[in-house]
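Just below is one structure, and these are the notes that go with it.
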Amino acid sequence: DDDAIALSSLATKYFNGFYVDENEELAFEYALRAANSDEPPARALLQVGRSYVLGQGTEINHEKAVYWLNLAKEHAVTDDQRAEAEVWLE
């Protein structure tokens, strides 16, 4: 889904301050919208899971982190994405 990919890209920009002011709350909002799409990009699922682990743009919530990171593993299109999800799950 192109919209989900665009939302995930916006999340990355706001998480990292690429060409925009860093804003973790807005980044999390974009990542969550992408992650809730019909065809969520693995990157968005990783962003949401990592955010719940670190409390980036949202409150720390380990149960939600595990849920999103497991989804990221299922939707991973590369070994690197799968490995990243596994690292955050440890």
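Values in this document were obtained by computation on a predicted structure and should not be read as measured data.
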Could you list the donor-acceptor pairs under 3.5 angstrom formed between side-chain atoms of residues 67-79 and any protein atom two or more places apart in sequence or on another chain?
residue	atom	partner	partner atom	Å
Asn70	ND2	Val66	O	3.2
Thr78	OG1	Gln81	N	3.0
Asp79	OD1	Arg82	NH1	3.1

Is there a path of hydrophobic side-chain contacts, each under 4.5 Å between heavy atoms of I/L/V/M/F/W/Y residues, joining Leu89 to Tyr52? no
Separation of Ser51 OG from Glu25 CD (nearest 0.5 Å): 10.0 Å
Let me check something: any side-chain donor-acceptor pairs from residues 53-61 under 3.5 Å, sequence neighbours excluded? List them with distances.
residue	atom	partner	partner atom	Å
Asn61	OD1	Glu63	N	3.2
Asn61	OD1	Lys64	N	2.9

Not counting sequence neighbours, which residues clear salt bridge (charged side-chain N to carboxylate O under 4.0 Å, His left out) with Glu84? List them please. Arg43, Arg50
Testing the basics here: between Ala44 and Ala34, what is the closest heavy-atom pair and its distance to 0.1 Å? CB-CB, 3.6 Å
Can you measure from OG (Ser37) to CG (Leu7) and round to the nearest 0.5 angstrom? 8.0 Å
Listing, residues 8-22 side-chain donor-acceptor contacts under 3.5 Å, not counting sequence neighbours, or none:
residue	atom	partner	partner atom	Å
Ser8	OG	Gln47	OE1	3.3
Ser9	OG	Ile5	O	3.1
Thr12	OG1	Ser8	O	3.2
Thr12	OG1	Gln47	NE2	2.7
Asn16	ND2	Thr12	O	3.0

